[in-house]
Protein chains: 2
Amino acid sequence: MPTSKDVAALAGVSQSTVSYVMTGKRPISEKTRLRVEAAIEQLTYRPNAGARALASRKSQVIGLVIPITPEVHLGSIMEFVAVIAATARRFDHDVLLVTDQEGNQGLERVVGQQLCDGLILMQVQADDERIPVVRKLGVPVVFIGIPNDSTGLNCIDADFARAGELCVEEMAGAGHTNGVIIGWRPRLVGSRLNYVDRFLGGANAAAERLGVSLEHLPATSDRRSIEAAVDSCIAASQGMPAFVSPDVTVLELLPRILHEKGLEPGRDASVIGVGPVPDTMLALEETTILDIQPSLVSQHAVELLLRLMTADHPDAGGTLELIPPLVTHRHGTAGHSVPAPQSAS
Amino acid sequence: MPTSKDVAALAGVSQSTVSYVMTGKRPISEKTRLRVEAAIEQLTYRPNAGARALASRKSQVIGLVIPITPEVHLGSIMEFVAVIAATARRFDHDVLLVTDQEGNQGLERVVGQQLCDGLILMQVQADDERIPVVRKLGVPVVFIGIPNDSTGLNCIDADFARAGELCVEEMAGAGHTNGVIIGWRPRLVGSRLNYVDRFLGGANAAAERLGVSLEHLPATSDRRSIEAAVDSCIAASQGMPAFVSPDVTVLELLPRILHEKGLEPGRDASVIGVGPVPDTMLALEETTILDIQPSLVSQHAVELLLRLMTADHPDAGGTLELIPPLVTHRHGTAGHSVPAPQSAS
DNA sequence: TTGAAAGCGCTACCAC
DNA sequence: GTGGTAGCGCTTTCAA
């Protein structure tokens, strides 16, 4: 492996000049810059990450803390992970994976070892126990999700309140006077993942404003519980029922259940899916999809973190950024597959 | 941040002694070891990763190259990723995420920068273009997947040939004389991802051996194409049809389609799902599941890589390890949800 | 516009 | 069983 010393020798300059060519931290004459660049090319020189981190006190790595609890949909997480990794690379950084099963120890470890210059935490809970640790961690941290007390923290998430609102507006616009939100296992509601509450809050406010009656039926991911919710919705509804679900597992099963009940979306019912929408959902033709744009959230999270990492001052005051959902109406003839809305990656 | 110098001072020993206490690379008297450990504890000392990597030429990091192409199921990938990260930690290593969109450049980069001591490559293709680069990379590499020419490479994967065999044996055991394998989009067959061919090969061999007629119907993930395959199977079958699918997206839609056709698994048809099985599949009661055990594959991949990384000699000859699938029969009454088989994590 | 040289914090050799 | 010390390869002052 060639070192910057080798490059310097080949280019006939000092080692520091090589360094400055690489970092651009001081002006270099065109002539020597070209010579150095040629030498770098010729030797396929790559700066040693450890040495660089040691000398500069910057690892160019961001730590990504992923949830591995069974209650979160793996595909949705992966969507975040992939975009975060790709975005980090666009800004010349790498991503170190930390699982949340390491807990607070893990955060302290990667920061203490100076393996990374900043952290992104996914699946942040309403009363996340990592918050006190994060506050005195000494590196910038970006949360994906909004805890109850977000003062001084940097949080970014999809705007679930707005999504709830939009769902109800869609329903009302389609002429419904009542509807049901199906999904999220009961113990999530009103507790740990507060995007659930934000969504319901937005939906209920809009329902009140628009004079629509709205109910929330929690459901686990098994068929029986979803079916029960659907039945109860049909029973309660005068006129065409409207189903809203922000839960991937529910959306996976909903098409089959509706079909069993003889309900055809667009004719006998309205269906609105929120969030990462599974393939089975896309098999339904007449639907409205509220894309919460995970990839946009991820990109912004990375960019925010990088901004904080390069800021001279420690971040004052914190940030709160909400990404608005993207509404897509899908119409189609049976069997004709409309591609899912693609957010920029 | 305290350094090992601080620890040494506090414990009244030399810096090298601290290092040896941490690494265990030479015997230390009980007495001084305890003093040093106390000092480490008291200062919450953590070795600087960059400095350690620089001096020891070992980063304690393994690079994980993930596919981000749209044709692979994100949830399945995430299952590997999570287990790999967790397993790496068990052996005191971390995981650096590399996306395959960086291509060969990415491999050369992370190795060149000495960001990691070894690599795991996921979603390895039959004729993977990364192979020539890997061969002269200078660090151990473990493939998840088996390329056509695996000589000298270290490969590990689920035993798809055996899975195919088992599927047919299941069918035959249930009294079927014919069946259909539904899934994998056409362009994957016979081409890039050769686990497809391994599966079909095993299945066909068993079919011939057992006198079962077997057909493979490729399908894209849209409803129309899966429905067509199902119809064609029903038409061709004398007696009860058997459906086998190793494709997550197909398995997601299959329950609904079967129901539309009035087919009840266990009564009118047999259904065998292979691989990571989605929630919708679990809604079917009478099924056989062939778990390809992604988490076991992941664990073994990490352990193999670590073995190669600590080996003094560069790995001679390569490795080929196949993880046998786990067969689970599910019986149940409608609405009663049997938990999915959990591989050890 | 460039160079020399002093570290960054750790490991591992050599000496005792 | 322990300590001294020379680097690992880079960045970054200070000096020219």
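First the proteins, then the strands, lettered A, B, ... as listed; each starts at 1.
Contacts of B/A39 classified as side chain to side chain contact (heavy atoms under 4.5 Å, CB included), with partners at least two apart in sequence or in another chain: B/V7, B/L10, B/A11. Shown here are the salt bridge (Lys or Arg N to Asp or Glu O under 4.0 Å) partners of A/D157, two or more places apart in sequence or in another chain: A/R198. Scanning for salt bridge (Lys or Arg N to Asp or Glu O under 4.0 Å) contacts around B/E30 gives B/R33, with sequence neighbours left out. B/R135 pairs by the salt bridge (Lys or Arg N to Asp or Glu O under 4.0 Å) definition with B/D149, not counting sequence neighbours. With sequence neighbours left out, B/D159 forms a salt bridge (Lys or Arg N to Asp or Glu O under 4.0 Å) with no residue at all. With sequence neighbours excluded, the residues forming a side chain to side chain contact (heavy atoms under 4.5 Å, CB included) with A/E321 are A/I156, A/H300, A/I323, listed by chain and number. Every side-chain hydrogen bond (donor to acceptor under 3.5 Å, both in side chains) that B/S16 has, sequence neighbours left out, goes to B/S14. Take B/R46 and apply the side-chain hydrogen bond (donor to acceptor under 3.5 Å, both in side chains) test, not counting sequence neighbours, and it matches no residue.
Using a 4.0 Å cutoff on non-hydrogen atoms, the parts of residues 27-35 of chain A near DNA chain C are A/P27, A/I28, A/S29, A/T32, ordered by number.
Scanning DNA chain C 5' to 3' for nucleotides with an atom closer than 4.0 angstrom to a non-hydrogen atom of chain A gives a first and last hit of C/dT1 to C/dG9.
A side-chain donor-acceptor contact under 3.5 Å links B/S29 and B/T32.
Within the structure, side chain to side chain donor-acceptor pair (under 3.5 Å) pairs that include any residue of residues 95-104 of chain A comprise A/E102-A/R109, A/E102-B/R89 (at least two apart or interchain).
In this structure, A/R52 places its CZ atom 8 Å from P of D/dC10, rounding to the nearest Å. Atom CG in A/L54 sits about 12 Å away from atom P in D/dC10, given to the nearest Å. The CG-C1' distance, from A/D6 to D/dG9, rounds to 10 Å in whole Å.
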Please list each protein N or O that sits under 3.5 Å from an N or O in nucleotides 12-15 of chain D, with the distance.
unit_1	atom_1	unit_2	atom_2	d
D/dT12	OP2	A/K25	NZ	3.1

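For A/V18 and B/S14, each mapped to the nucleotide of DNA chain D holding its nearest heavy atom, the one lying further toward the 5' end belongs to B/S14.
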